[in-house]
Amino acid sequence: MGVDPWQDVLTELANLRREAEEALGYPHLDIPLQLIPEEFGDVGFPAHTYSKEVGKPPQEVAEEMVAAMPPRLYVARHEARSGYVNSFLNYPTLGERTLSSILDEANGYGKATPTGRRVIVEHSSVNPTGPIHVGRARNSIIGDTLYRLLEWSGLEVTREFLVNDVGKQVLTLVWGYENLPEEELEPVEREKEDYKLVRYYRKASKMMEDPKVAEEVGQIVRRFEEGDEELRRRVRGVCERMMRGILDTLSKLNVNFDNLFWEDQTITDGSAREVVKRLREGGRCQEEEGALYVDMEPYGITGRNTRWFITRKDGTTLYTTRDLAYHLDKFRRSDEAINVLGEDHRLEFRQLSIALKLMKVEREVESVFYAHVGLPEGRLSTRGGRVINLDDLMDEANARAYREVRERREDLSEEEMRTIAEAVGIGAIRYNIVKVQPEKKILFRWEEALSLEGQTAPFLQYSYARACGILRKSEAIDSWDPRLLENPQERSLLKLMARFPSVVKESAATRRPHQMANFAYELAKTFNLFYRDCPVLRSEEALRRVRLAVVEAFRFVLGNALKCLGIKALEEM
RNA sequence: GGACUCGUAGCCUAGCCAGGAUAGGGCACCGGCCUUCUAAGCCGGCGAUCCCGGGUUCAAAUCCCGGCGAGUCCGCCA
């Protein structure tokens, strides 16, 4: 576990450079080593930076450095070119190292040695008032991919869902559920708990315009916050049913959780009150008509209103106060706490961080923010009727994938076709979302979300299936000669496969899951070129063996990348 | 009014954090490749003032400042 061929290459090169710097009397500048266009070599760095320090033109510097850098294990030679020092890898060595590491570690290649460090990744948290829509899916997909990457990079990760079961919205649902006869509701859109229950919420929300209803719900809210145990149990019952529907949908997306945190816990266990107490005792609170707030202005928050309320005038706590209590709880259970939040929570998150500092909490919270998903015709909005349920999107994706499979594979059984279609459909949705940088706003377009060509999940799955096809028709190999790997496509592929563990680490450490998505595409694309240029089964014995090793290694690496992305690999399609 | 995020070909996007070689891809469009390991693939063509203006630097899509445009937020809601 923990093998990282690429890191070894970089370390070797950095050492070589350091030795050259010392031999030449150059300063140690630590210029980042970078992948370079293949026509120039494999890895390189600009020598321009030394120029001023040593008083020589870049090309001369590069030439001197190249002369002072001998070949070593992974690097065969160096070349000075237009002021850059370019290095060429020793492919037989890299090939040997990379292939044997992969075939040895197999499904574990790229996985770092466990550190025991505990991380909680909170994502997908919503009000349990109805089915989740495509906008929410971005949160879940980013969060789940992040979880996978962190786990692969050696952390012990808990996936957590904060159920906002406190507040007016949920209690409106409960009021509706307990007071409205089912006959008066609109028909159920889908035979699932969340769809059944949301009808009560919709109708009850509309009825809130009636002051009498509003007052009744208000009373429930107060009773709930006063700690009415019997009411709390009823609310929990409704929420649990709703959550079954929501979690079922997410599970189809391949998103699952280790823990649900029910927000009402912060009320029943007194931790929310404790937060208020600590903030008040810290002397940072002010009061207006009995409501407590912290003025955030001295801490860099600007805007129309810099007051951040932690209680209402009746003394009850607010969402952010309870969230604060929740975070303290997370701190007790972890070494790191990461949230995945929509960009509308940015300010609130800063306020929360400030509040933690005011409470003298040493720990930091961290968040990955994503821009909301919109529709070409405007914002996703329940009230505006512009909603696309995640279930509908998944159904449509699966149906479309099913048509494609059916068209090309008459030989498969119905069940096999269904299995492939689902992997393709769900994969397409996940990949389409995760491949773009979270901060970028995206517009939901059916054609795009359901596209099965180009940079999509099916493209990755297809390359995987092609590799499997070759391996199915071959025999097990015990030895191979990496010196035979001379084709440029073979070398590109080796280089990419060697980088995989580094990409896992990088993408997890910077919390940028889209980097893994893009890497997987590059890997699959390169395999397709290899597939075109390098016949495997038809090659003569020795070449056939080493190419089979490459194909098998590729299958493991892409398979592992897909696992990080939560996309199912397919033996055939 | 203030804060934050985004701005790369007709459309979408990588690269930006850690500045370096002719800015990578994908979709769409045009043309080509299935007696050879699955054509959900491959090749070629078309297409970019990297939003604008300054600055820093030997070097800026990348860093800094100022604009412009789009989005988000500034509730005793969650």
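Because the structure is a prediction, the values reported are computed rather than measured. Sequence lines set the chain letters: A, B, ... in the order given, protein chains first and strands last, and positions in each chain run from 1.
- Listed nucleotides: G41(B), A78(B), A21(B). Nearest to the side chain of Phe459(A): G41(B).
- Spacing between atom NZ of Lys313(A) and atom P of G75(B) amounts to 16 Å, rounded to whole angstrom units.
- Residue Val85(A) is the one, among Val85(A) and Arg307(A), whose nearest nucleotide of RNA chain B lies closer to the 5' end (criterion: closest heavy atom).
- Within 4.0 Å (heavy atoms only), Glu39(A) reaches at least one base atom of the nucleic acid.
- Across all strands shown, the partner of G71(B) is C4(B), judged by Watson-Crick or G-U wobble contacts whose two distances both fall under 3.5 Å.
- Between Asn528(A) and C42(B) there is a side-chain N or O to OP1 or OP2 distance below 4.0 Å.
- With a 3.5 Å ceiling on both atom-pair distances, A23(B) lacks any Watson-Crick or G-U wobble partner.
- We find that OH of Tyr464(A) is positioned 17 Å from C1' of A40(B), with the value rounded to whole Å.
- In summary, the side chains of Trp175(A) and Glu216(A) do present a donor paired with an acceptor at a separation below 3.5 Å, with no hydrogens or angles considered.
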Start with the C-alpha distance between Asn339(A) and His123(A), add both sets of side-chain angles, then the distance that settles side-chain contact (heavy atoms from CB on, under 4.5 Å), and finish with yes or no.
-> CA-CA 6 Å; Asn339(A) 297 324; His123(A) 68 84; over 6 Å; no

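- One can place CG of Leu347(A) at 16 Å from P of A78(B), the figure rounded to the nearest angstrom.
- The phosphate of G2(B) has neither OP1 nor OP2 within less than 4.0 Å of any side-chain N or O from Arg350(A).
- If you take atom C1' in G47(B) and the same atom in A9(B), they sit 5 Å apart, rounded to whole Å.
- For the side-chain hydrogen bond (donor to acceptor under 3.5 Å, both in side chains) test, residues two or more places apart in sequence or in another chain that qualify with Arg547(A) are Glu490(A), Ser539(A).
- Spacing between G10(B) and C51(B) at atom P, rounded to whole Å, works out to 13 Å.
- Using a cut-off of 4.0 Å between Lys/Arg side-chain N and Asp/Glu carboxylate O, Glu540(A) and Arg544(A) are scored as not salt-bridged.
- Pair assignment for U49(B): none, as no Watson-Crick or G-U wobble contacts are both less than 3.5 Å.
- Aromatic ring pairs are classed by plane angle as parallel below 30°, tilted from 30° to 60° and perpendicular above 60°; the pair Tyr293(A) and Phe309(A) is tilted.
- To the nearest angstrom, C1' of U5(B) lies 14 Å from CG of Leu341(A).
- Residues meeting the side-chain hydrogen bond (donor to acceptor under 3.5 Å, both in side chains) test with Asp42(A), sequence neighbours left out: Tyr91(A), Lys495(A).
- Taking atom P in both C46(B) and U5(B), the straight-line distance is 38 Å, to the nearest Å.
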Output, in order, the C-alpha distance, side-chain angles, deciding distance and verdict of side-chain contact (heavy atoms from CB on, under 4.5 Å) for Arg409(A) and Glu416(A).
-> CA-CA 10 Å; Arg409(A) 297 295 301 271; Glu416(A) 285 167 324; over 6 Å; no

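- Shown here for Glu64(A) and Lys56(A), the closest heavy-atom pair between the two residues is OE2-NZ, 2.9 Å.
- Across the protein-nucleic acid pair, Glu506(A) atom CD and A18(B) atom P stand 12 Å apart, rounded to whole Å.
- On the P atoms, G44(B) is 10 Å away from G26(B), given to the nearest whole Å.
- Rounded to whole Å, atom P of G25(B) lies 11 Å from atom CG of Leu529(A).
- The partner of U57(B), taking Watson-Crick or G-U wobble pairs whose two distances both stay under 3.5 Å, does not exist in any strand shown.
- In summary, Glu288(A) and Arg307(A) engage in a salt bridge, as defined by a charged side-chain N under 4.0 Å from a carboxylate O.
- Residue Glu343(A) contributes atom CD, which lies 12 Å from atom P of C74(B) at whole-angstrom precision.
- Between Tyr293(A) atom OH and C77(B) atom P there is a gap of 16 Å when expressed in whole angstrom units.
- Salt-bridge check for Arg222(A) with Glu215(A): passed, with a basic side-chain N closer than 4.0 Å to an acidic carboxylate O.
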Might you work through the side-chain contact (heavy atoms from CB on, under 4.5 Å) test for Gln351(A) and Thr320(A), ending with a clear yes or no?
-> CA-CA 9 Å; Gln351(A) 292 166 329; Thr320(A) 17; 5.5 Å; no

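- Of the C1' atoms belonging to G66(B) and G25(B), the separation is 33 Å, rounded to the nearest Å.
- Between Phe554(A) and Ala467(A) the shortest heavy-atom distance is CD2-CB, 3.7 Å.
- Nearest-nucleotide positions on RNA chain B place Thr302(A) closer to the 5' end than the other of Thr302(A) and Tyr521(A).
- G31(B) and C43(B) make up a base pair, with Watson-Crick or G-U wobble contacts both under 3.5 Å.
- Separating the P atom of C63(B) from that of C17(B) is a span of 5 Å, rounded to the nearest Å.
- When all heavy atoms are compared, the tightest approach of Asn86(A) to Phe40(A) is CB-O, 3.4 Å.
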Letter by letter from the 5' end, nucleotides 34-39 of chain B scores (B base, S sugar-phosphate only, - none; protein heavy atoms under 4.0 Å) --BBBS

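- Scanning all heavy atoms of the two residues, the minimum distance from Ala457(A) to Ile567(A) falls at CB-CD1, 4.0 Å.
- Spacing between A61(B) and A18(B) at atom C1', rounded to whole Å, works out to 16 Å.
- Remark: Val424(A) in residues 416-425 of chain A come within less than 4.0 Å of RNA chain B through at least one heavy atom.
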Step-by-step side-chain contact (heavy atoms from CB on, under 4.5 Å) determination, Asp264(A) to Val235(A) | CA-CA 10 Å; Asp264(A) 72 349; Val235(A) 172; over 6 Å; no

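- G71(B) sits 14 Å from C12(B) when the P atoms are compared, rounded to a whole Å.
- Taking a cutoff of 4.0 Å between a charged side-chain nitrogen and a carboxylate oxygen, Arg545(A) and Glu541(A) qualify as a salt bridge.
- Within residues 46-60 of chain A, the residues that have a heavy atom under 4.0 Å from RNA chain B are, in order of number, Pro46(A), His48(A), Thr49(A), Lys52(A).
- The nucleotide whose nearest atom lies closest to any side-chain atom of Asn86(A) is, among G41(B), U5(B), A21(B), A21(B).
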What string of B, S and - do you get for nucleotides 6-14 of chain B, 5' to 3', when a contact is any protein heavy atom under 4.0 Å?
-> BSB----SS

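- Aromatic ring pairs are classed by plane angle as parallel below 30°, tilted from 30° to 60° and perpendicular above 60°; the pair Phe527(A) and Tyr531(A) is tilted.
- No engagement by Glu447(A) is indicated, since no non-hydrogen atom pair under 4.0 Å with the nucleic acid exists.
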